[in-house]
Amino acid sequence: MIIAIDGPAGAGKSTVAKLLAKKLKFLYIDTGAMYRALTLKVLAEKINIKETDKIIKLASQSNINLINDPDGTLRVLLDGRDVSSAIRQPVITQFVSDIAKIGDVRKVMVGLQRKLGGQGDAVLDGRDIGTVVFPDAHKKFYVDADFKERVNRRYKEALGLGQNLTFEEVAEDLSNRDNIDSNRKVAPLKQADDAIYVDTTNLSIEEVVDKLLKEI
Ligand code: DC
């Protein structure tokens with residue numbers, strides 16, 4: 001069974017998807033982490049984000065893998081190296097949407113996501129899971145929240161990670177990513193026709209997970 005969870009940044013997708021996968025004993029596939037891992041490599045190799053040919057080549061030559069540890073932790077491996085923390089740096093967040101909008105990069109990532117998800121029962125979260133990656137997913141959710149609340153969540157998260165960002169900086173990044181992710185030519189963020197819309201603005205994580213479980 002495939003469960004697709006899409007929505008904008010800060011809506012609570014990852015937290016909810018991870019918990020849901022744990023409760024259902026499904027694989028959890030954080031597709032944003034895959035685009036982040038590639039972004040890390042692009043920056044490490046000092047490739048300019050405008051050099052799309054080089055980025056596409058790098059995507060096809062990279063080994064990106066997600067490991068679900070038995071305790072529920074997700075490890076992100078880039079060419080065998082654990083990059084789970086490195087991909088959460090603000091500089092990655094700043095550039096990831098520009099890399100994720102490259103059509104041929106998406107082809108590589110979608111292939112990988114289908115391969116990982118095809119192994120069995122899985123919960124995938126991202127922007128295009130229900131529309132492109134798994135259009136026949138058994139259940140699709142579009143998880144959303146008010147912009148201010150999404151900024152608030154990401155700001156708290158950044159503080160928790162010891163990142164020195166202001167509320168305004170987080171708001172600007174989120175608004176910029178919303179804009180790129182929703183308006184790109186290939187697989188833009190949008191609700192699939194058959195997805196269930198879930199507004200998480202005034203709900204706790206547990207309440208959202210319960211809601212999704214009932215639907216499933
Ligand atoms: O979920 P996240 O914030 O870690 O995702 C990082 C970026 O990756 C996001 O701004 C857009 C892109 N992304 C995407 O284009 N398609 C996906 N399925 C997942 C993420």
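Counting convention: from 1, in listed order, for ligands and their atoms alike. Quick caveat, the model's predicted, so the values are computed rather than measured. The chain is numbered in sequence order, starting from 1.
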(message) Within the 4.0 Å heavy-atom shell around R184, which atoms of ligand 1 are there?
(response) 14 (C), 15 (O), 16 (N)
(message) If you measure every N or O of T31 against every N or O of ligand 1, does any of those distances drop under 3.5 Å?
(response) yes
(request) Kindly say whether A17 contributes a backbone atom to a donor-acceptor pair with the side chain of D125 at under 3.5 angstrom? (result) no
(message) Taking K156 first and then E149, would you say they form a salt bridge - that is, a charged N and a carboxylate O separated by under 4.0 Å?
(response) no
(request) Check each of R154, R36, R127 against atom 1 (O) of ligand 1 and report the one with the nearest heavy atom. (result) R127
(message) Given D128, which partner from the list R106, K101, K107, R114 fulfils the salt bridge (charged side-chain N to carboxylate O under 4.0 Å, His left out) test?
(response) R106
(message) For D30, run the salt bridge (charged side-chain N to carboxylate O under 4.0 Å, His left out) check against R127, K18, R88, R75 and tell me which one passes.
(response) R88
(request) Heavy-atom contacts with G126 under 4.0 Å: which atoms of ligand 1 show up? List them by number with element. (result) 17 (C), 18 (N), 19 (C)
(message) Using a 3.5 Å distance criterion without hydrogens, assess whether the side chain of K140 forms a donor-acceptor pair with backbone atoms of G130.
(response) yes
(message) Considering both backbone and side-chain atoms of K13, is one of its nitrogen or oxygen atoms within less than 3.5 Å of a nitrogen or oxygen in ligand 1?
(response) no
(request) Answer yes or no: is there a side-chain heavy-atom contact under 4.5 Å between Y142 and I196? (result) no
(message) Quick check: closest heavy atoms across R154 and L174, and the distance to 0.1 Å?
(response) CG-CD1, 4.0 Å
(request) Measure the distance from atom 6 (C) of ligand 1 to every protein heavy atom, then report the residue, atom name and distance (to 0.1 Å) of the closest one. (result) R177 NH1, 3.6 Å
(message) Please list, in number order, the atoms of ligand 1 under 4.0 Å from a heavy atom of D181.
(response) 9 (C), 10 (O), 11 (C)
(request) Write down the atom of R81, the atom of L40, and the distance for their closest heavy-atom approach. (result) NH2-CD2, 4.2 Å
(request) Report yes if some N/O of S14 lies less than 3.5 Å from some N/O of ligand 1; otherwise report no. (result) no
(message) So is M34 touching ligand 1 or not, going by heavy atoms under 4.0 Å?
(response) no
(message) How far is atom 20 (C) of ligand 1 from the closest protein heavy atom, and which atom is that?
(response) G32 CA, 3.5 Å
(message) Looking only at protein heavy atoms, which one is nearest to atom 16 (N) of ligand 1, and what is the separation?
(response) R106 NH2, 2.9 Å
(request) Mark up the atoms of ligand 1 that fall under 4.0 Å of a heavy atom belonging to A100, in ascending order. (result) 12 (C), 15 (O)
